[in-house]
Protein chains: 2
Amino acid sequence: MPRQRLSNNPQPDAKRRSPCPVACALDLLGDKWTLLVVRDLLLGRSRFKDFASSPEGIPSNILSDRLERLLAANVIRQKPAEEGGKRLAYELTEKGIALRPMVRAIRDWGLKWEPGTRAELQPVR
Amino acid sequence: MPRQRLSNNPQPDAKRRSPCPVACALDLLGDKWTLLVVRDLLLGRSRFKDFASSPEGIPSNILSDRLERLLAANVIRQKPAEEGGKRLAYELTEKGIALRPMVRAIRDWGLKWEPGTRAELQPVR
DNA sequence: GTATTTCACTTGCATTTTGCAAGCATTGTA
DNA sequence: TACAATGCTTGCAAAATGCAAGTGAAATAC
């Protein structure tokens, strides 16, 4: 049997705090790490080691957990890292790509109001 | 002495995880509750009881903590709840009002991708 | 003026999440 | 075949969260 990778078992929607779209989005994305992974994906990074080596230093167990949750929510999917290779990489789904305006809004606010921040070498397109 | 209210002592910028504006914004806003308070403020709510009675049911100790952090970050400020009254309310500063595009982006994503969500009676203008 | 209720919190404590370090089985490379 | 890199998992201490129950000042009712 091939080694088990992070599973993608979409769960039925967990109980929501409210029908508010903001609250609902925050149930998935509202923490210190998840949107940094999305940021990395938007910047073109795709592999576990890439996310793990971002300057913020996400712990590997947290990264595993967040990838699992993003898979379950269909924000990302797995793909082979290279043609023919067996290693896996991650990419944004349409639902994930749709997060770009959100990440851009966060980036723009940070740039304007948090002194000393600067945009990535690769801007979030 | 008047009773002590939540203090507004802006701290020198804590150590940052990275100079990335997204990471920096998430250090302040990246959790399940903070942006819901901002949402309520954008919807015109201004008092502790208003935030506490939103449908998500934020625990009062968490609400206290989040108001304190937003005060310290100059995202909100205190004002008297009514003319002449001694009770306090909260309002967004310019820095806080600048969060509107971010909250709107989150709301729009939630509306589009999380089935069953619906916008507030009072839309986020 | 006094009693009562509301408001804006605080406190204590159990539960959950986070963070760090170490370990480990595959996969790729020399 | 050895060795290193990758993509995780595990164990555990520390921090954050969530719930319930206070608490004292301010507003309201009587």
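Below, read A as the first sequence line, B as the second, and so on, with proteins coming before strands; counting in each chain starts at 1. Values reported hereafter were calculated over all heavy atoms of this structure, with side chains retained and with hydrogens, waters and symmetry mates removed.
- The base of D/dT9 is not paired with the side chain of A/Ser64 by any donor and acceptor separated by under 3.5 Å.
- In this structure, B/Ile58 atom CD1 and C/dT10 atom P are separated by 14 Å, rounded to whole Å.
- In this structure, CZ of A/Phe51 is placed 14 Å from C1' of D/dC8, rounded to the nearest angstrom.
- Atom CG of A/Leu88 and atom C1' of C/dT26 are 12 Å apart (whole Å).
- Judged by distance alone, the side chain of A/Ser18 and the main-chain N or O of A/Cys20 form a donor-acceptor pair under 3.5 Å.
- The interatomic distance linking A/Asp27 (CG) with D/dT17 (C1') rounds to 14 Å, in whole Å.
- Atom-to-atom, CZ of A/Arg45 to C1' of D/dT6 comes out at 18 Å; the value is rounded to the nearest Å.
- Side-chain polar atoms of B/Asn74 and B/Thr93 form no donor-acceptor pair below 3.5 angstrom.
- Residues B/Trp33 and B/Pro59 share a closest heavy-atom pair of CZ2-CD, 4.0 Å.
- With rounding to whole Å, A/Phe48 atom CZ is found 14 Å from C/dT26 atom C1'.
- Taking hydrophobic clusters as Ile, Leu, Val, Met, Phe, Trp and Tyr residues chained together by side-chain heavy-atom distances below 4.5 Å, A/Ile62 shares a cluster with A/Leu28.
- Within the 4.5 Å cutoff, no side-chain heavy atoms of B/Met102 are placed close to those of A/Asp108.
- Between A/Glu114 and B/Lys95, at least one side-chain N (NZ, or NE/NH1/NH2) sits under 4.0 Å from a carboxylate O, which counts as a salt bridge.
- No side-chain donor from either of B/Asn61 and B/Ser64 sits under 3.5 Å from a side-chain acceptor of the other.
- For the pair A/Leu67 CG and D/dG7 P, the computed distance is 10 Å after rounding to whole Å.
- The side chain of A/Arg47 places an N or O atom within less than 4.0 Å of a non-bridging phosphate oxygen (OP1 or OP2) of D/dG7.
- The side chain to side chain contact (heavy atoms under 4.5 Å, CB included) test applied to A/Ser46 returns A/Asp50, A/Ala89, not counting sequence neighbours.
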Could I get a table of every N or O pair under 3.5 Å where one atom is in the protein and the other is in nucleotides 28-30 of chain C?
| unit_1 | atom_1 | unit_2 | atom_2 | d |
| --- | --- | --- | --- | --- |
| C/dG28 | OP1 | A/Lys86 | N | 3.1 |

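- Straight-line distance from the NZ atom of B/Lys49 to the P atom of D/dA26: 17 Å, rounded to whole Å.
- You'll find the side chain of A/Tyr90 reaches within 4.5 Å of the side chain of A/Gln78, heavy atoms only.
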Practice problem: Would you mind building the protein contact string for nucleotides 13-18 of chain C? One character per nucleotide, 5' to 3', B for base within reach (heavy atoms under 4.0 Å), S for sugar-phosphate only, - for untouched. | Solution: -----S
